[in-house]
Protein chains: 2
Amino acid sequence: MSNELTIGRVAKGTGCNVQTIRYYEQIGLLPLPRRSEGNQRLYDDSAVQRLSFIRHARELGFPLQAIRDLISLADRPDKSCEAADAIAREQLEDIGKRLQRLQALRSELERMVEQCKGGRIADCRVIETLGDHSLCETDDHVLPKVRP
Amino acid sequence: MSNELTIGRVAKGTGCNVQTIRYYEQIGLLPLPRRSEGNQRLYDDSAVQRLSFIRHARELGFPLQAIRDLISLADRPDKSCEAADAIAREQLEDIGKRLQRLQALRSELERMVEQCKGGRIADCRVIETLGDHSLCETDDHVLPKVRP
DNA sequence: ATACAGTCTACAGTAACTATAGGTTCAAGG
DNA sequence: CCTTGAACCTATAGTTACTGTAGACTGTAT
């Protein structure tokens, strides 16, 4: 069965909203879908998957340019190995930092929730946890490469 | 040592840029700092820490509203425990999902980089990795899919 | 046949910055 | 002191990534 879906079904299926899907098409992040007789967009499963990917990556805080890079890895398996490697490594570095900060924040929130069970919040250290610079790459706090 | 810093020093120290600091002040995310004779902002260490927190939380993809909530936890340790607990739990749930997705994506990128080392072109499954909805608990919008 | 929900394009509005213009402050060198 | 230039000030415009609205068209269920 070739499930062809309308934009509304795709939106429901991916958690994106309809306008966002059209926006992604407009900026070239999604390929132009085929249209029905009456000019309505019709999508297949690959579009649904790509859109899910974009949405999840955006939720993780990746900018659209990083997502474009990631997609290019998938779209161009014929790309030079060094180029793909460079993109993957750059993203990996960023992901490593995100993971560390998220884990630190989780620990801190877990500790708070645990204390809450006891009936009161003794001292809240969320700010300190995320205010800590120890996971930053350099001392002078250079912005990540995804933001040029 | 209660050193007073100019906005530029704070910007360097936190990795934010100067305009962003003024913007956060404008929208009430940062308290109004005291001013010098010549009307220039002067910050103390607590402002630096709060700003670092905001920056890291933003990098992790939290919207300013969630950050406001988190800050309110730190600012009012006398707040009702249920309210604080609710905010913390909500963020925790979100963080758990982010962590799983990031870890999945990292594994996939690591696998690709590993294949690259071997000199051959990796088959890329980044899209599938993050396209997967299995970590979405709000699966009611996910369309029927054949899964073993 | 007729509702009416869903889709279309085009454009305006929002969130969270980011950059620019045009002027003021301040610390360092002459 | 006086100058000079970097850093600061306010105000405003531009950017990214959406989100909402208006007014017309399509598709389907009674």
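- Nearest-nucleotide positions on DNA chain D place B:Arg41 closer to the 5' end than the other of A:Asn39 and B:Arg41.
- Using a 4.5 Å heavy-atom cutoff, the side chains of A:Gln103 and B:Leu99 are in contact.
- Closest approach of A:Val18 to A:Gly8, counting heavy atoms only: CG2-CA, 4.1 Å.
- Interatomic distance, CG of B:Leu5 versus CG of B:Leu42, reported as 8.5 Å (0.5 Å rounding).
- The footprint of chain A on DNA chain D, defined by a heavy-atom cutoff below 4.0 Å, extends from D:dA17 to D:dG27.
- Paired with A:Glu4 under the rule side-chain hydrogen bond (donor to acceptor under 3.5 Å, both in side chains), one option of A:Arg41, A:Arg34, A:Arg9 passes, and it is A:Arg34.
- A donor-acceptor contact shorter than 3.5 Å links the side chain of A:Arg55 to the backbone of A:Thr14.
- Residues that satisfy the side-chain contact (heavy atoms from CB on, under 4.5 Å) test with A:Ile27, not counting sequence neighbours, are A:Tyr23, A:Tyr24, A:Leu29, A:Leu64, A:Arg68.
- Here B:Arg101 contributes atom CZ and A:Leu102 contributes atom CG; the two are 12.0 Å apart, rounded to the nearest 0.5 Å.
- Considering CD of A:Glu93 and NZ of A:Lys97, their distance stands at 5.0 Å, rounded to 0.5 Å.
- Residues satisfying the side-chain hydrogen bond (donor to acceptor under 3.5 Å, both in side chains) criterion with B:Gln65, sequence neighbours excluded, are B:Asp69.
- Within the model, atoms CG of B:Leu30 and CD1 of B:Ile54 stand 4.5 Å from one another, a figure rounded to the nearest 0.5 Å.
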Please enumerate all protein N or O atoms sitting under 3.5 Å from an N or O of nucleotides 2-6 of chain C, with distances to 0.1 Å.
none

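- A heavy-atom distance below 4.0 Å to DNA chain D is reached by these residues of residues 17-36 of chain B, ordered by number: B:Arg22, B:Arg35.
- Residues A:Thr20 and A:Leu51 fail the side-chain proximity criterion, which asks for heavy atoms closer than 4.5 Å.
- End-to-end axis angle of the helix from C:dA1-D:dT30 to C:dG30-D:dC1, from C1' rotation axes over five pairs per end: 10° (rounded to 10 degrees).
- The CD1 atom of A:Ile7 sits 4.5 Å away from atom CZ of A:Arg22, with the distance rounded to the nearest 0.5 Å.
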